[in-house]
Amino acid sequence: MKNRNWYEKKNVSGSEAVILSLLAEKTELLFGYVGGAIMPVYDALYDYIDNLNHILTRHEQGSVHAAQAYARASGKTGVCFATSGPGATNLITGLADALMDSTPIVCITGQVNSKFLGSDAFQETDIISVSAPVTKWNFQVTSAKEIPEAISKAFYIAKNGRPGPVLIDITKDAQQELFDFEYKSTDFIRTYLPFPVKNDLLISDAVNVINNSKKPLIIAGHGVLISDASKELADFVEKANIPVATTLLGMSAMPADHPLYFGMVGMHGNYGPNINTNNADVIIAIGMRFDDRITSNPQKYASQAKIIHIEIDKSEINKNIKADYPLCGDAKEIIQEMLKNVKFKERAQWIRSFRDCYDIEFEKVINNQTKPYSGAIHMAEVINTISEITKGEALIVTDVGQNQMFAARYYQFNKPNSFISSGGLGTMGFGLPASIGAKLGAPERDVILIVGDGGLQMTIQEFATIVQNNLNIKIVLLNNEFLGMVRQWQEMFFQRRYSYTEMSNPNFTAIASAYGIESKKITQRDELADGINLMLKSNNCFFLEVQVGKELNVLPMIPAGESVSNILLTYEN
């Protein structure tokens, strides 16, 4: 079957049409969990195991998070299968996550027979209504002949414009029905226009504002990576001599050692970019949403600056922060256009202000966290050591919480597209299944998962998926025996009233060993570098648990609702 023409007509079942349609879209890998209503599709898949690799996760949520990370690591569209009812509803968190983080995935769910729709049949849920708010598009198939067009549209919508998730729900009788199969790729949908027309005059005006500015700041978001514009961004930064910072999901869009890169903006971002947001005369926002974690209080955000907002999704422009120059379009194309006329300008004093801020942050925060020398092991110390040993070249996947923030702050990314995390939705449990998708999407790269004890236990069953597929993933558990980020807020804003955040944890290394994963636990600082080297040198999956301080805080921090200028470098009770 390897030489088959996937587009040819053939009297096939709807379930086989699903497989042929995926192959026509050049799908090589998908994730899923079999069940009654999707069983005909899995039966058809059995005949195509040489053409289409399927990863059986241990939970549908694991499937969709793995598909998300696969998409982000590979640049392709992630695909996952689930059955009806609870199987389909278990995808919802991942769909919401993918929508907020602009990740292209196609989820295909089975459904009860069409004659039973609306009858509360066994494992029936109206997944179309349930998933509507968290998908770019969804569609229910009740006839086999609808399958090729539905899947073709799904791939087009998921990938083009601002990427996002799509769900196709297929009734069981449509999966079993026979019809003549023909596949046509979609390249146009009359009601969906994903590519805005560039406004060349507005781009020219924006360039003039940049050329005349004294204190411009670039904030690069996830859209830079989605549009593969890291090189263009670097060229723009250097040609115009403008300092640049990134959002959380924009991490790795610029190499950490670039002289004009000054770190991350936002609640736990770097001191300089946050402080200077309210000192800049022009802010060039590229592929980012101005969400609340970036702006904090929008009424106190950059009111002195002209805002140039480059964003492919028109609905995001002027939603949170008013743009003086709304440049709607693909980040790469617009940066390329701006590069033609942007001019170098000496901004020594402005750039010096970022370096001065870094020196202050280094003295008060960074050096104390990465080189504590005494007391409990610090999370920042672990990340910094991993970064130094890997030379900033690994693909870092994180869960959500303090582990995520410390990873973003202290891993020195030197290659684009090297940070995969749940940004907008902040999904605990994302990390472990996402590491599976990341490794399968970028098998040539070292994939390191940074996870906390809370998030790990939400999807810990995916250890089995890693072992069954012999995936060389490095898992670093930062164990503080707390829901760390919530505990930090309870300490800072709730008078240390630690209400249900302390964790009574199992023997994690014993669990990893029970799954057949090499494991080691570190409790002493002098064991850290050797333990990390041991993990990295292993040819198999390795689980490294590091016992860290129980009451560590991520600093700097902008308290919720405060101005970005009111960023805290230190905190005392």
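None of the values given here were measured: they were computed from a predicted structure.
- Note on Lys550 versus Glu502: salt bridge recorded, some NZ/NE/NH1/NH2 to OD/OE distance being below 4.0 Å.
- Lys415 and Glu393 are not joined by a salt bridge, as no carboxylate oxygen comes within less than 4.0 angstrom of a charged side-chain nitrogen.
- Around CG of Asn539, the count of heavy atoms belonging to other residues, nucleotides or ligands within 6.0 Å does not exceed 12.
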| field | Pair Ile286-Ile335, side chain to side chain contact (heavy atoms under 4.5 Å, CB included): steps then yes or no | value | CA-CA 9 Å; Ile286 310 176; Ile335 295 172; 4.0 Å; yes
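- Salt bridge annotation for Asp356-Arg352: present, with a cationic side-chain nitrogen under 4.0 angstrom from a carboxylate oxygen.
- Ring geometry, Phe463 versus Phe543: the interplanar angle exceeds 60°, so the pair is classed perpendicular (tilted spans 30 to 60°).
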| Step by step, would you call Phe406 with His378 a ring pair (Phe, Tyr, Trp, His ring centres under 6.0 Å)? | CA-CA 10 Å; Phe406 280 117; His378 202 291; 5.3 Å; yes
| said: Does Tyr498 form a side-chain hydrogen bond (donor to acceptor under 3.5 Å, both in side chains) with Arg496? I'd like the steps, not just the answer. | reply: CA-CA 6 Å; Tyr498 292 165; Arg496 282 184 177 268; 3.1 Å; yes
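- With a 4.5 Å cut-off on side-chain heavy atoms, Leu217 and Thr277 count as touching.
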| request: Apply the test ring pair (Phe, Tyr, Trp, His ring centres under 6.0 Å) to residues Tyr358 and Phe262: give CA-CA distance (whole Å), side-chain angles for both, the deciding distance (0.1 Å), then the verdict. | output: CA-CA 8 Å; Tyr358 177 80; Phe262 293 100; 8.3 Å; no
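- Below 30°, between 30° and 60°, or above 60°: for Phe413 and Tyr411 the angle between ring planes is between 30° and 60°, a tilted geometry.
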| message | If you apply the rule side chain to side chain contact (heavy atoms under 4.5 Å, CB included), what do you find for Leu95 with Leu99, and how did you get there? | response | CA-CA 6 Å; Leu95 290 169; Leu99 186 69; over 6 Å; no
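- Side-chain atoms of Met100 and Val134, non-hydrogen and from C-beta on, never get closer than 4.5 Å to each other.
- Look at Glu25 and Lys159 and you find no salt bridge, because none of the NZ, NE, NH1 or NH2 atoms lies under 4.0 Å from a carboxylate O.
- Counted within 6.0 Å of CG on Asn90, heavy atoms from surrounding residues, nucleotides or ligands total more than 12; the atom is thus considered enclosed.
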| request: Apply the test side chain to side chain contact (heavy atoms under 4.5 Å, CB included) to residues Leu233 and Ile218: give CA-CA distance (whole Å), side-chain angles for both, the deciding distance (0.1 Å), then the verdict. | output: CA-CA 9 Å; Leu233 174 64; Ile218 294 171; 4.1 Å; yes
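- Checking each of Thr385, Val382, Asn480 against Ile377 for a side chain to side chain contact (heavy atoms under 4.5 Å, CB included) leaves exactly one that passes, namely Val382.
- No side-chain heavy atom of Pro556 sits less than 4.5 Å from a side-chain heavy atom of Asn270.
- Look at Asp530 and Lys520 and you find no salt bridge, because none of the NZ, NE, NH1 or NH2 atoms lies under 4.0 Å from a carboxylate O.
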| request: Show the numbers, then the answer: is there a side chain to side chain contact (heavy atoms under 4.5 Å, CB included) between Met288 and Val224? | output: CA-CA 9 Å; Met288 52 87 78; Val224 173; over 6 Å; no
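- Residues Glu518 and Ser513 form no side-chain contact, since every pair of their non-hydrogen atoms from C-beta on lies 4.5 Å or further apart.
- The local environment of OH in Tyr46 is sparse, with at most 12 non-hydrogen atoms from other residues, nucleotides or ligands closer than 6.0 Å.
- Heavy atoms only, all atoms of each residue included: Tyr33 and Glu60 are closest at CD2-OE2, 3.8 Å.
- Within a 6.0 Å radius of CG in Asn470, no more than 12 heavy atoms belonging to other residues, nucleotides or ligands are found.
- Aromatic ring centroids of His54 and Tyr42 lie under 6.0 Å apart.
- The salt bridge (charged side-chain N to carboxylate O under 4.0 Å, His left out) search around Arg58 returns none, not counting sequence neighbours.
- Salt-bridge formation is not detected for the pair Lys521/Glu527: no Lys NZ or Arg NE/NH1/NH2 atom is positioned less than 4.0 Å from an Asp or Glu carboxylate oxygen.
- Separation of atoms CD1 (Ile475) and CG (Asp399) is listed at 11.5 Å; rounding is to 0.5 Å.
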